[in-house]
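Inspection log for the structure reproduced underneath, given as C-alpha cells.
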Amino acid sequence: MRTSNFLIATVKETPSDAEVISHQLMLRAGMIRKLASGLYTWLPMGLRVLRKVEQIVREEMNRAGAQEVLMPAVQPAELWQESGRWEQFGPEMLRITDRHNREFCFGPTHEEIITDLIRNELRSYKQLPANFYQIQTKFRDERRPRFGVMRAREFLMKDAYSFHIDHASLEQTYQLMHDTYSRIFSRMGLNFRAVQADTGAIGGSGSQEFHVLADSGEDAIAFSTESNYAANIEMAEAVAPAAECPAPGADIQVIDTPEQHSIEEVSAFLKVDASQTLKTLLVHGASEEGELEGVVALVLRGDHELNEIKAEKLPQVFAPLTFASDDDIRAAVGCNPGSIGPVDIGIPVIADRGALQVADFVCGANEDGKHLTGVNWGRDLPEPEVADIRNVVEGDPSPDGKGTLTIKRGIEVGHIFQLGDKYSQAMNANVLDENGKSVVMTMGCYGIGVSRVVAAAIEQNHDERGIIWPDAIAPFQLALCPINMQKSQRLREAAEKIYTELQAAGIEVLFDDRGERPGVMFADMELIGVPHRIVLSDRGLDAGSFEYKGRSDAEKQDIPLDSLLEFIREKLS
RNA sequence: CGGCGUGUAGCGCAGCCUGGUAGCGCACUUCCUUCGGGAGGAAGGGGUCGGAGGUUCGAAUCCUCUCACGCCGACCA
C-alpha cells in the first residue's frame, strides 16, 4: 500500500476528551473517529487491525470445529419475551419500534436468536455437539461509555453458542473453547490470563474470563502467589481466617463523635485502626418471593469493601442491589448515615466473615453523633448471620489454600460460559436422544470483544512515541521510507523496485511515497506502530545498504541491499 | 441516574468576568528556500461562537430554556 493512496490521518495533538492511552493513540494514529458517545467510525488504518484480530479469531474458531453464521443485529421482541429477558434486561437494551408498531431491539447478545434457529434446525442427538459463531456488531446502551472502543456502545463481538446432549459434552467443548481462546490471545502476542468469573446477566453455571493484563484495566483480578488460582475480584472468595476471634477485653461504651461520619474520620478521631471498626451498610431487602421488602444491614470490617456481586446473591438482599436512601435509613434505624451500627439495630444483620473476627470493635450507636467502643459479638449483641460479602484484598489467603493473593488489573477481552439449559429450557430447544425421547439441549456460550482487543493490545504495547503492534495484528508489517525520493530518480527507482519485490514476497508494506521530510515519516510510522521499518537513501545506495529498525529496537542497523528480502523474511518469521 | 464541567475553523485553545471589527497555534492551499527526527518565510482559504428564546441601540460575552459531549460518583454509614 502506498501512503499516497491510503488515509494517513495522524494528528499531533491529543484530543482533549480521550482519557486512556489506547483511546488517545487510536485517535492520534488515525484509526478511529468518534461519531457520538460510544459510537466510532473505523478509518482504514484502524479497520486493518480490526480485520486482523477478526481473522485470527475466525481461523481458530474454524480450527476448533465451530461453524460461522451471521445473525441479524435487529431482533424481534417476541423471542426475548419468550426467554423472559425482555423485561429483565433493563435500559442497556436499545429498543426500537418499526412502522407497524412492532417492537424490536438492537441485539446486545444473541442467545435467543441462536436458540430459536437451532430448535428449528436440529432434531437429533446425532447432530450434536454443534458450535456456531458469528463476528457481528452488538449494541449495549452503556450507562457511561468511555475509553473509546474499550467501552463503546456499539462494538464488534465474536459470539459462539454450543449445543449438547448432556453436560459432559458441554464440558468438553467448554474446555476446547478455553484452549482455543488461549491460542487466539497467544497468537495476538498478548499477555493474558484466564480467571474464574461471575456469570452476570447471561446466566448459567461455570464461567471464565480472559483478561489482558494492563494497569488501566477496569477489572481487578486476584492471583495466588503459590498456585495458578486466578479469579475476578467479583468472584474471589474471602476465606475465613483460621484464628478464633479474640476474647473481649474491654467494656462497651458510648462515645460522643460529633460530625464524625466516615470510617476514616471515626478511626482518626478515636485513634484506632480502621480494622478495629465495623461499618454497617443498609441495602434494600427481599422477601422470600424476591420482592422488595424492608432494609437489611450488612456489616464489614472498617477497612474492607463490600462486594456487591456477592451481596446481591444473598436471598435476603434485593437484586439488583441498591443502597437504602437517607430517608430509608432514618425510618429504619432512627439516625443518619454515619452513625449506624449492628447493636440493637432492629433489622436483619448479615456480617462478613472478617467482621466476626474483631473483638472490642468500634461501630455506630444508631444515634446521631455517637459511636460505641469495646463492642463484642455474642456478649453485646447476638452472633449475626455470616456470609462472604467483601472484596478480597492483597495478602488474603488464596481460596485454594495455597499461598496468598495479589491483585492486578485486567481488561476483559473474552468470556466463556457453561449456560446449561437456561435458554433451551425456556425456549423449548429439544432433540430426540437415542431412545427417541425428547431432551432439552445443554448450551455453552463464548464471547470475544473483537474491537476491545484492539484497544487492549495498545494498552499493553505502546511507548511515548506511539503504538507498538505485535506483528500478528499490525496494520502493516513493514514501513518503507525513502528519503528525498522526489529529488533522486535513482532512489525512486530503487524504492519502487524494492516495494514491488516485498509485495511479491507477500509482505504487507506501507510505502511512504508522500515525499514528506524524514522526521514526519518516522514520527507517523512510529505513532501508527508499524513493527518494522526500512529507510532508503542516496547515501545508502552509494554504500550498497539500507537501514533497518524494529519499532522497539534501540538502534538502527545498516544491512547490505542485496540481502534485503532474506533479512526481512528472517525478521518477520 | 446524581454531581461537576465543557461546547468559539478539521484539531488544540484564548476571548466571556467588565456587551461594541471573532482571534492564536497546528492542519489545509499557492510560491520561495530547506531536506536524516514532526523545517523557515511570504501570501491565502476556512466560523449559523451547540440550538432556541429573551434583555439591549448593539450579544460569543448578560438571562432563561434546551441539546450534545466529557469527567467524577453511584462504597455512605
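Just so we're on the same page: letters track the sequence lines, and every chain starts at 1.
Using the six-membered ring where Trp is involved, A/Tyr499 and A/Phe511 have ring planes that are tilted, between 30° and 60° apart.
Listed by chain and number, the residues in a side chain to side chain donor-acceptor pair (under 3.5 Å) with A/Ser275 are A/Asp273 (sequence neighbours excluded). Residues passing the side-chain contact (heavy atoms from CB on, under 4.5 Å) test with A/Ala18 are A/His23, A/Gln24, A/Leu27, sequence neighbours excluded. Residues passing the side chain to side chain donor-acceptor pair (under 3.5 Å) test with A/Asp471 are A/His532, sequence neighbours excluded. For A/Asp553, there are no side chain to side chain donor-acceptor pair (under 3.5 Å) partners two or more places apart in sequence or in a different chain.
Closest to the side chain of A/Arg517, out of B/G36, B/A39, B/A77, is B/A39. You'll find that the side chain of A/Ile340 is closest to B/A77, out of B/A77, B/G38, B/G37. Listed candidates were B/A77, B/C69, B/G36. Nearest to the side chain of A/Ala36 is B/C69. For A/Val535, the side-chain atoms get nearest to B/G36 when compared with the rest of B/G38, B/G36, B/A77.
Atom CD of A/Gln486 is separated from atom P of B/U34 by 13 Å (rounded to the nearest Å).
With both ends at atom C1', the span from B/U48 to B/C57 equals 23 Å, rounded to whole Å. B/U34 sits 35 Å from B/G23 when the P atoms are compared, rounded to a whole Å. Comparing B/C16 with B/A27, their C1' atoms are spaced 27 Å from each other, to the whole Å. Only the P atoms considered, B/C72 is 25 Å distant from B/A9, to the nearest whole Å. With P as the reference atom, B/U6 and B/G53 are 25 Å apart, rounded to whole Å. A distance of about 12 Å separates the C1' atoms of B/C24 and B/U8, rounded to the whole Å.
Residue contacts for A/Arg514: at a heavy-atom cut-off of 4.0 Å it reaches no nucleic acid atom on any strand shown. Contacts of A/Lys549 with the nucleic acid, taken as non-hydrogen atoms under 4.0 Å apart, are absent. Base engagement by A/Arg28 is indicated by at least one non-hydrogen atom pair under 4.0 Å involving a base atom. Note on A/Ser537: a base of the nucleic acid sits closer than 4.0 angstrom, heavy atoms only. A/Val266 comes within contact range of no nucleotide atom at all, as no heavy-atom separation falls under 4.0 Å. Base contact: A/Val520 has a heavy atom under 4.0 Å from a base atom. A/Leu282 comes within 4.0 angstrom of a base, heavy atoms only.
The partner of B/A77 cannot be assigned: no Watson-Crick or G-U wobble pair with both contacts below 3.5 Å exists in any strand. Shown here, B/G10 forms a base pair with B/C26; the pair counts as Watson-Crick or G-U wobble because both key distances fall under 3.5 Å. Summarising the base pairing, B/A39 is matched to B/U33 through a Watson-Crick or G-U wobble pair whose two defining distances lie under 3.5 Å. Across the strands present, B/C65 finds its partner in B/G51; the criterion is a Watson-Crick or G-U wobble pair with both atom distances under 3.5 angstrom.
A/Asp542 CG: more than 12 foreign heavy atoms inside a 6.0 Å radius.
A donor N or O paired with an acceptor N or O is not found under 3.5 Å between the base of B/G73 and the side-chain atoms of A/Arg146. You won't find any donor-acceptor pair under 3.5 Å spanning the side chain of A/Asn484 and the base of B/G36, going by distance alone.
Residue pairs meeting the side-chain hydrogen bond (donor to acceptor under 3.5 Å, both in side chains) criterion with at least one member in residues 230-239 of chain A, sequence neighbours excluded: A/Glu209-A/Asn232, A/Glu237-A/Arg353.
Annotation: of the two residues near RNA chain B, A/Ser37 and A/Gly515, the 5′-most nearest-nucleotide partner is A/Gly515.
Between A/Arg143 and the phosphate of B/C1, there is no side-chain N or O to OP1/OP2 separation shorter than 4.0 Å. At B/G70, one or more side-chain N or O atoms of A/Lys34 fall inside 4.0 Å of OP1 or OP2 (strictly under the cut-off). Phosphate contact (OP1/OP2 of B/C72, side-chain N/O of A/Arg144, threshold under 4.0 Å): present. Residue A/Ser16 places at least one side-chain N or O closer than 4.0 Å to OP1 or OP2 of B/C13.
Looking at heavy atoms from C-beta onward, A/Ile407 lies out of side-chain contact with A/Ile221 at the 4.5 angstrom threshold.
Checking A/Asp352, A/Asp388, A/Asn391 one by one against A/Asn307, the side-chain hydrogen bond (donor to acceptor under 3.5 Å, both in side chains) holds for a single residue, A/Asn391.
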Could you list the protein-to-nucleotides 22-32 of chain B atom pairs, N/O on both sides, closer than 3.5 Å?
{"residue": "B/G25", "atom": "N2", "partner": "A/Glu13", "partner atom": "OE1", "Å": "2.8"}

